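The structure appears below as structure tokens.
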Amino acid sequence: MPDAQLQHTQTLIKMGQPEQDEWALSRIDDALPTRRPVIVPLSLWQANADDQALAPWLSSDTELSDELAGQLASAPLVAIDFPAFTDGRGYTLARLLRERYRFEGEIRAIGDVLVDQLFYMTRCGFDALALRDDQHLEDALRALGAFSVSYQPAVDVREALFERRLREGNGHA
Amino acid sequence: MYRYDTYDQTLVDERVVQFRDQMERHLSGRLGEEEFRPLRLQNGLYIQKHAPMLRIAIPYGMLSGPQLRRLGEITRRYDRGYAHFTTRQNLQLNWPKLEDVPQILGDLAEVQMHAIQTSGNCIRNTTSDQFAGIAADEVEDPRPWCELIRQWSTLHPEFAFLPRKFKIAVSGASADRAAIQVHDIGLRLWHDDQGELRVKVLAGGGLGRTPMIAETVREDLPWRHLLTYLEACVRVYNQFGRRDNKFKARIKILVKALGIEEFRRRVDAEWVHLKDGPQTLTQAAVDAARTHFVEPERRTVSDDAIAAFEKLRADNRAFSRFVTNNVTEHKVPGYKAVTLSLKRREHAPGDVTADQLDAIANLAERYSFGEVRVTHEQNLVLSDVPVDEVEALWGELEALGMANPTVGTLNDIICCPGGDYCGLANAVSIPIAQAIQERFEDLDFLYDIGPLDLNISGCMNACGHHHVGHIGILGVDKKGEEYYQVSLGGSSTDDTSLGKILGPSFFREDVPEVIDKVLQVYVAQRHEDERFLDTYRRIGHKPFKERVYA
Ligand code: SF4
């Protein structure tokens, strides 16, 4: 019975604020849970794409083709899995979804989501962060604001710092 | 040299605050060792054999007087009064206390220094040519480009958890002094027929367990696309590099597995979307970076002074030796670049004491516009010394033990910290360097042997670049015993090649004797004025092997 193995996020941060999570998460490939709303593996979601109370999660090795991105456009949210916090592929997936495919819905980080990754995740376009259960909310909120300046353009800031400096005529000390 | 503005300063200051917070969470048990590990590594902090080790970045190898003095203070206050220059333009502290590291990073930030991304699976410190800006064969000063790359790669949100470490080197001269063919990405700046600056992009080089020479991804990238193209390369690596086996995770394995055509196709497919995006460089942005690397206000040196320098060189044998080996031509007549040798038997190659750091700061300010460069051969360079001051500088260097006239010779050994410090080592490396330096001390012999790169690594991670030494020595472990493998024929310059292993490995005490035999073959077989490397390439492996294993 897949519902028995559903996962529920204890700490969800959305757009920088803690929020009660209504979505459950299922990691079982071959059976659809009855609970709604629920995030399910991509293939299950694809097989039941007209159910608006289902959302897909992508494994970190997903190759994001034009076709897949087209399908995802109608998803209520897209989750990207971090099987280990050292697996950095999810950052690229999120940027591609936001920057190349203009996905405007929620992109949620799930799995091994730790406090010290949140700043980078946010820059790459994640707007929902489902923290691993042992992480502390107050540490997470502090870590989100770790840096007030970034060199590179990304999803949050579209201007490279070298351009901003020129625009502001910022003289070096 | 580059000076931080408020943005750069804010970023390093915030990095210190962030790391202090991470360290506190770690020490209080809220952040476990496994999760803390990549965070501390990306702040340069290793846990080593005897103590933690802190690796400090020296972007493209440039240091100012105040920075040198601060480094001296740090080694006194938090360490044992000395530090170690590495082969990748970094400085390592061998004995800091774990809990002091946030404070050390704070002290560094006050002089515009940091340890960001000096370790870990991220884009590392970008390295370059120690003679940047003064070499006669330079077509483009690589330092502004290195600085633009430093900024692009610093805290890059997408690339903090790559499959493995990622090293970039940049050369802007016709002779490669940055070893660009053995980096994950090597960049060579050149001008086309119209005088437009172009970038040759190499990928997939590297040393370590599976040494490889890089292949060309793109010959003629227009400069404005440099950062978007780098982003495409690293993105392809981040997505497709292997993560199942850390020994197969470097980009060189990916490039080899895909083949260079397929790798290029994927990079180009990615780049189509990034090209002309917000990271595209503009003339104004490059000019702004260049303003930090302007020519110093050099004085005119009279022809008489130049003649006097040449006369002294002809008359004084010791001075002549120093000039021949440790002084390099400068693009401006009347100026020279002077290399300070950090190779002497009493210390590990690349080590400096706190007092020497202070003294070097003073010399830099007195003789060379207050700047010092760090070389990948683990020496230092004063890049702008007028010829009529070289003699005085030489005298001061003698007193400091940094005038050893052996730069570029067999005595100028490149050597990793090895088993005396490093937790990964199979064997010690410093005592091997010292034994070789002791055996081949005679200057006439060293000069007779001529230019020779001897590189030593304590394990196959190859921090001592043994694969690209004309003679390479590698520490290996056989049933808990330390042995040494010798290879011949490596090179890290334009004619880059990887050394070939001579045969079964040797006991530690036999290594100097083996080197001696190798040199005997060279001396017997060389043509007049032929370098060791060229003789080896001409006559091949066999005569050396026969002599050594006779
Ligand atoms: S080559 Fe090996 S022994 Fe030497 S510093 Fe690197 S990891 Fe340590």
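Being a predicted model, the structure only gives us computed values, none of them experimental. Below, read A as the first sequence line, B as the second, and so on, with proteins coming before strands; counting in each chain starts at 1.
With a 4.5 Å cut-off on non-hydrogen atoms, B:Glu270 touches chain A through its backbone and its side chain both. Proximity to chain A (any heavy atom under 4.5 Å) is restricted, for B:Leu39, to the side chain, taken from C-beta onward. No part of B:Gln9 comes within reach of chain A, as not one of its non-hydrogen atoms sits under 4.5 angstrom from that chain. Both the backbone and the side chain of B:Glu158 come within contact range of chain A, each with at least one heavy atom under 4.5 Å from a heavy atom of that chain. The part of B:Asp21 that comes within reach of chain A is its side chain, from C-beta onward, which places non-hydrogen atoms under 4.5 angstrom from that chain. Proximity to chain A involves both the backbone and the side chain of B:Leu281, based on heavy atoms less than 4.5 angstrom apart. Both the backbone and the side chain of B:Arg15 come within contact range of chain A, with heavy atoms under 4.5 Å apart. Only the backbone of B:Thr280 comes within contact range of chain A, with heavy atoms under 4.5 Å apart.
Close placement of the B:Trp271 and B:His225 rings is indicated, their centers lying within 6.0 Å of each other.
Stacking of B:Arg266 on the aromatic ring of B:Phe240 is recorded, both the 6.0 Å distance cut-off and the 45° axial limit being met.
Your options are B:Leu155, B:Thr291, B:Leu162, and the one with the most heavy-atom pairs under 4.5 Å with chain A is B:Leu155.
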- Test side-chain hydrogen bond (donor to acceptor under 3.5 Å, both in side chains) on B:Gln112 and B:Gln67 and set out the steps. CA-CA 8 Å; B:Gln112 310 192 347; B:Gln67 290 176 331; 5.4 Å; no
- Item | From CA spacing to verdict: ring-ring contact (aromatic ring centres under 6.0 Å, His included), A:Phe82, A:Phe126 | CA-CA 12 Å; A:Phe82 287 78; A:Phe126 288 98; 5.7 Å; yes
